[in-house]
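Each residue takes its place number in the sequence, starting with 1. In each ligand, atom 1 is the first atom listed, and ligand 1 is the first ligand listed. Just so you know, these numbers come straight off a predicted model, no measurement behind them.
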Amino acid sequence: MSNSNVTVCVRFRPLSHKERKGNDKVCFNKLDSESFVFKDERDEDVIFSFDKVFYDDSEQSDVYNFLAVPIVADAVNGINGTIITYGQTGAGKTYSMEGPSILHCNELKTGLVQRVLNGLFECLKTSANITTWTVKLSMVEIYLEKVRDLLDLSKDNLQIKESKSQGIFISGATEISIMNGSDALERLSEGIANRAVGETQMNLASSRSHCLYIFSVQHESTPDERVRAGKIILVDLAGSEKVEKTGAEGRVLDEAKTINKSLSALGNVINALTTAKPNHVPYRDSKLTRILQDSLGGSSRAALLCCCSPSWSNSPESLSTIRFGTRTKLIKTLPKPIPTEVYSAKKPSPYSHDQDDLHDGTL
Ligand code: ADP
Ligand code: MG
């Protein structure tokens, strides 16, 4: 585990059937569970090291145990967390998040989303000092800088707001209370199907949007009756491939430009967070970074999974993904995570002028 509250890992998926058939070769040399050798832009061998490297023999549970378990444990104690999968289309982002299918997949292949959910419920059940708790789920996608509610497609341009009691939140997003992990899976699969509906209606490939699963945990703990609230946002990012490579034009080019802009905004936020005293972290430069504002940096925990194809033919894109991970790894100087707290109805709020519309819908 890293000594900062940002964990950065790389995952190489196995060679695909097509890559094997085309005689594509593996583009890295494994050194150990934290480092590998990869050719840089000048074709020179460079050793890259991360908190953990998952190779083609890694299990979904290895990924969960290493990068998500600490985030789950902290969320129950009121600390926000983010888990992001980054990489070009086809690199394994969605597989890592959802497994081959959110509803129908065997235990071994279950993805991070289901594991995080089950982990949250386990932690809540076994935590001795928690009396009552609620877990809420929202699911949205960001497409062309619009936030769409995947649990209610009529809400296709949600606004991001901020209040003292709730922190950053997506105003009007459907929030469902869930009682156990399997309850939620039905709704999550509806959300994923909605993403697919969007795909056929708008000819939108899911890799052109960012998909966010938001789990909020609230609980009251005796004796002070405060409600501690932590949230975990899992982000399956849009493909990070370069526009030029796709030969895009028209709407597809607009999509690619918007994606590049929001991924750059994420990179800029990360760069600002890597300086010891960032003067200005540009969270407001994109919807994605604005939503992540109180879950990335400062008092929260974050994990980045850089997903890479293992093949030579994809090595330039993989290198760019690895470089993104290297930059993120520099975030080492953050303060220790501190819990966020909201007050229960039993006690008066200390924020007597609490305004949910403190900032309106603009970023
Ligand atoms: P992305 O979401 O990054 O575009 P996917 O997660 O859809 O990519 O993965 C592309 C293909 O590779 C899918 O068929 C997926 O099942 C397969 N795949 C990805 N990662 C793994 C893995 N670790 N093990 C086995 N198959 C994988
Ligand atoms: Mg995907």
Side-chain angles (χ1 to χ4, degrees), residues 9-22 24 26-28 30 33 36 50 52-68 83-115 139-143 150 188-189 191-200 204-213 234-242 245-246 252 255-256 259-260 262-263 266 288 304-311 313-322 324-325:
C9 304
V10 168
R11 185 177 201 184
F12 289 102
R13 65 160 167 74
L15 278 169
S16 67
H17 182 63
K18 196 172 153 209
E19 286 162 342
R20 276 180 210 284
K21 248 180 90 180
D24 214 337
V26 168
C27 60
F28 62 89
K30 176 178 174 174
S33 64
F36 56 87
F50 292 90
K52 186 71 94 185
V53 184
F54 300 102
Y55 298 100
D56 59 354
D57 57 349
S58 66
E59 304 284 359
Q60 296 279 67
S61 57
D62 299 334
V63 177
Y64 171 74
N65 288 333
F66 189 82
L67 62 75
I83 302 172
I84 301 175
T85 53
Y86 183 99
Q88 73 177 118
T89 299
K93 300 181 296 297
T94 305
Y95 181 90
S96 298
M97 277 294 177
E98 297 169 6
S101 151
I102 201 121
L103 267 185
H104 311 288
C105 82
N106 68 36
E107 166 65 26
L108 210 63
K109 293 188 175 169
T110 304
L112 282 169
V113 174
Q114 304 94 306
R115 287 176 196 271
M139 194 177 167
V140 299
E141 83 178 334
I142 305 174
Y143 176 64
L150 288 173
L188 284 170
S189 77
I192 292 166
N194 281 340
R195 211 181 170 196
V197 168
E199 268 174 39
T200 44
L204 159 70
S206 62
S207 61
R208 314 315 295 153
S209 72
H210 309 303
C211 180
L212 283 73
Y213 308 85
L234 291 102
V235 189
D236 183 359
L237 286 174
S240 59
E241 55 272 10
K242 306 259 179 316
K245 204 179 165 186
T246 59
V252 181
E255 280 175 4
I259 293 163
N260 286 0
S262 64
L263 290 178
L266 179 63
L288 172 69
L304 176 71
L305 184 65
C306 297
C307 298
C308 296
S309 155
S311 74
S313 57
N314 284 311
S315 60
E317 288 297 346
S318 297
L319 181 61
S320 131
T321 299
I322 291 163
F324 187 85

Does the separation of the ring centres of Phe12 and Phe28 fall below 6.0 angstrom? yes
Determine the minimum heavy-atom distance between His210 and Leu263, stating which atoms define it. CE1-CD2, 4.0 Å
Considering only NZ, NE, NH1 and NH2 on the basic side and carboxylate oxygens on the acidic side, decide whether Glu241 and Arg208 come within less than 4.0 Å. yes
Please indicate whether any nitrogen or oxygen in Ser96 is less than 3.5 Å from any nitrogen or oxygen in ligand 1. no
When every non-hydrogen atom of Gln88 is compared with those of Thr321, the smallest separation belongs to N-OG1, 4.2 Å
Check whether any N or O atom of Thr94, backbone or side chain, sits under 3.5 Å from an N or O atom of ligand 1, and answer yes or no. yes
Students should be able to answer this: which protein heavy-atom is nearest to atom 24 (N) of ligand 1, and at what distance? Pro14 CD, 3.4 Å
Flag Gly90 as yes when one of its N or O atoms lies below 3.5 Å from any N or O atom of ligand 1, and as no otherwise. yes
Got the closest protein heavy atom to atom 12 (O) of ligand 1, with its distance? Arg13 CD, 3.8 Å
With only distance considered, is Asp236 within less than 3.5 Å of ligand 1 through an N or O on each side? no
Short check: any N/O/S atom of Thr94 below 2.8 Å from the Mg ion (ligand 2)? yes
Taking 4.0 angstrom as the limit and counting only heavy atoms of Thr89, give me the atoms of ligand 1 inside it, by number and element. 4 (O)
Less than 6.0 angstrom separating the ring centers of Tyr55 and Phe36, yes or no? no
